[in-house]
Amino acid sequence: MSETSSEAGSLSDTASVRERSRLSFDLDVDICVVGAGLAGLTVALEAARLGASVAVLEGRHVGWNASGHQLGTVMPGYGLPIDELIERVGFEDARELWSLSKQGADYIRTNATEELMPGIGLSEGALEVSNVDVGDRLISRLQLLNEDFETEVEGWQVDRVRDQLKTGRYFHGVYYPGAFQLDGRKYVHGLAALARRAGARIFEDTPVVSIDPSGIRKRIVTPSARLRASHIVLAGNIHLGAPLRRLSETLLPIWRYAAVTAPLGERLAEAIVFQGSVADSDGVDHYRIVDGDRLMWASPETTWAARPQRFAAAIARRIHTIFPQLGEVQIADVFSGAVGQTVHGMPQIGQLRRGLWVASGFGRQGLNTSAMAGQLIAQSILRGDERWRLFSPFELVWAGGSIGRVAGHVVALWVRGSSATAGALARYRERARAKERIREARLVEANRRARTRPARPRPPPDPPSLERLPARVASESEQDEGRLHSNSQESEKVWPGPV
Ligand SMILES: Cc1cc2nc3c(=O)[nH]c(=O)nc-3n(C[C@H](O)[C@H](O)[C@H](O)COP(=O)(O)OP(=O)(O)OC[C@H]3O[C@@H](n4cnc5c(N)ncnc54)[C@H](O)[C@@H]3O)c2cc1C
């Protein structure tokens with residue numbers, strides 16, 4: 001458990017190694033950002049680049065929660081499936097929202113260069129695999145993405161998926177060649193470094209305990225200092241707490257647990273050829289190869305905080321279920337983070353009242369969406385960009401408090417259960433189809449042989465004997481009466497020979 005990989009563990013301690021600066025004096029700024037996760041840091045970077053004075057207040061340290069414990073897969077899109085997005089806001093707005101989500105991914109690609117973030121470890125391509133056989137349904141989705149939403153995607157047949165991922169668990173796949181992955185922890189700390197370089201000031205160990213958003217200059221209170229700012233951006237995800245409890249309560253907190261295995265050597269390359277990220281369409285497993293021969297794998301979820309180590313064995317079992325040929329897998333490191341899930345599945349991006357902004361609820365797909373939110377909010381404050389209004393249809397809806405958490409847990413269990421059942425059924429059908437194909441092939445072969453075999457000369461039929469004649473007549477009359485089977489043996493006896 002103590003062993004860690006270079007990609008997964010390299011930056012986990014960055015904040016503790018670097019001296020953290022806590023805000024201990026009063027300050028006046030243009031923009032105060034609450035929370036130094038992906039969302040808050042992107043707002044800070046963009047606002048500082050546009051010339052604003054920015055202070056980021058972080059209760060713990062940079063990347064303390066989900067932002068510092070993610071798998072680093074960057075894809076276009078949202079938690080809400082594309083067809084539901086169209087249903088919700090109409091085709092044109094859905095297209096614009098989708099295009100914004102792509103811009104978020106592009107923004108990360110621009111920042112995550114080796115020059116700006118050494119060791120960021122960019123690699124290309126992500127694959128979404130289906131647990132069930134739904135090839136026909138995929139076609140319309142591929143068309144929609146390729147043609148209407150200008151997103152490069154490829155549909156992979158079952159054989160191609162299984163050629164890359166040696167497991168019978170998956171059927172078809174959607175490959176996103178433009179998606180990519182990076183070292184998630186390096187990215188969040190790299191973002192903080194860029195924001196600092198652009199002039200933003202980041203204060204850690206500085207929780208915001210209350211805010212007063214009324215008036216032109218808003219007030220922010222921390223345990224050891226007070227701030228005044230023209231704009232406050234709430235990017236605290238599920239931990240925002242006291243400053244705006246009603247806002248926190250619009251998010252269902254979901255803790256997601258992930259692990260990095262010990263080196264798996266050659267057997268990993270034999271089981272997994274694909275080098276990008278893999279996620280199944282039910283959202284149960286998400287994984288990729290890191291450091292050449294380790295697996296980074298996220299799967300279990302809870303709606304309450306638990307010690308990540310508790311899930312080490314569950315993740316090892318999950319890996320074994322999908323790739324049994326890997327044998328026993330040692331877990332080197334386990335980590336977790338809490339994502340904020342909105343009721344409608346879309347992020348919360350916008351202005352709550354004049355000068356009070358929110359950027360949260362990014363769910364499991366937080367890299368591209370938080371990057372987009374950061375840009376939109378900074379550009380709105382400083383350039384009057386109004387595109388954040390595209391998110392207005394997705395209101396702040398109460399997530400149900402503790403009942404919502406229980407319901408969320410039950411729904412997650414149900415999704416996993418039904419995914420497992422649907423997967424088992426699909427594999428059963430596949431086996432049945434394979435057996436049927438073998439049977440048919442055997443039949444075809446047998447018929448072919450029968451046709452090509454030289455015909456045996458027929459023995460001349462026995463002349464009908466007088467004793468047998470009544471029996472045959474009886475058989476025929478019984479056939480007429482529909483009693484075929486009872487006398488068929490009798491009739492065979494009467495007329496032997498090939499049929
Ligand atoms: C295991 C796992 C794997 C994931 N993998 C991926 C992936 O591959 N791709 C992807 O796109 N997404 C992924 N995600 C989702 C992604 O990590 C999140 O959506 C994203 O990090 C959310 O960022 P955030 O800035 O909104 O929140 P957070 O990371 O939670 O940051 C909020 C910060 O605000 C601070 N804060 C809160 N309240 C206060 C306060 N009152 N005062 C001061 N500070 C405060 C917190 O301490 C915290 O540091 C994954 C998540 C997990 C858990």
Side-chain angles (χ1 to χ4, degrees), residues 8 15 23 32-44 55-79 101 104-105 108 126 179-185 187-188 191-192 202-211 220-223 232-245 247-248 251 253-260 277-279 283 286-288 296-301 308 311 315 334-341 347-349 358-374:
L23 183 64
C32 171
V33 179
V34 183
L38 289 166
L41 291 170
T42 313
V43 176
V56 181
L57 306 183
E58 165 56 51
R60 269 79 167 208
H61 58 79
V62 166
W64 166 74
N65 182 36
S67 300
H69 300 93
Q70 28 89 11
L71 264 61
T73 307
V74 186
M75 295 180 68
Y78 300 91
S101 85
I108 296 184
F180 56 97
Q181 39 276 315
L182 39 71
D183 183 327
R185 294 180 187 184
Y187 183 71
V188 70
L191 209 51
I202 302 173
F203 300 99
E204 295 169 289
D205 294 326
T206 305
V208 171
V209 291
S210 74
I211 59 171
I220 302 105
V221 179
T222 76
I232 300 175
V233 182
L234 301 168
N237 194 7
I238 63 143
H239 294 101
L240 191 59
L244 231 82
R245 195 163 294 284
L247 180 63
S248 312
L251 292 175
I254 297 178
W255 280 262
R256 192 156 168 85
Y257 303 86
V260 178
S277 296
V278 181
H286 175 194
Y287 55 89
R288 66 188 181 96
M296 187 187 265
W297 192 293
S299 189
E301 286 181 353
F311 295 90
I315 296 174
V334 199
F335 54 92
S336 76
V339 298
Q341 191 66 49
Q348 301 168 331
I349 300 172
V358 59
S360 57
F362 300 105
R364 291 180 190 162
Q365 201 164 342
L367 272 154
N368 69 318
T369 51
S370 64
M372 169 202 60

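Source: prediction; values computed, not measured. Counting starts at 1 for both ligands and their atoms, in listed order.
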(message) Is the shortest side-chain heavy-atom distance between S277 and L71 below 4.5 Å?
(response) no

(request) Taking the side chain as every heavy atom from C-beta outward, state whether Q181 and M296 have any atom pair closer than 4.5 Å. (result) no

(request) Please confirm whether the backbone N or O of G241 pairs with a side-chain atom of S248, one donor and one acceptor, at under 3.5 Å? (result) yes

(request) State, with a plain yes or no, whether a side-chain heavy atom of F335 is found less than 4.5 Å away from one of V260. (result) yes

(message) Measuring from atom CG of L191 to atom OG1 of T42, what distance do you get when rounded to the nearest 0.5 angstrom?
(response) 4.5 Å

(request) Using a strict cut-off of under 4.0 Å between a residue heavy atom and any atom of ligand 1, list the qualifying protein residues by chain and number. (result) V34, G35, A36, G37, L38, A39, L57, E58, G59, W64, N65, A66, S67, H69, Q70, L71, G72, T73, T206, P207, V208, A235, G236, N237, H239, L240, P243, R256, H286, G337, V339, F362, G363, R364, Q365, G366, L367

(request) Going by the side chain to side chain contact (heavy atoms under 4.5 Å, CB included) test, name the single residue among L41, I108, V74 that passes it with Y187. (result) I108

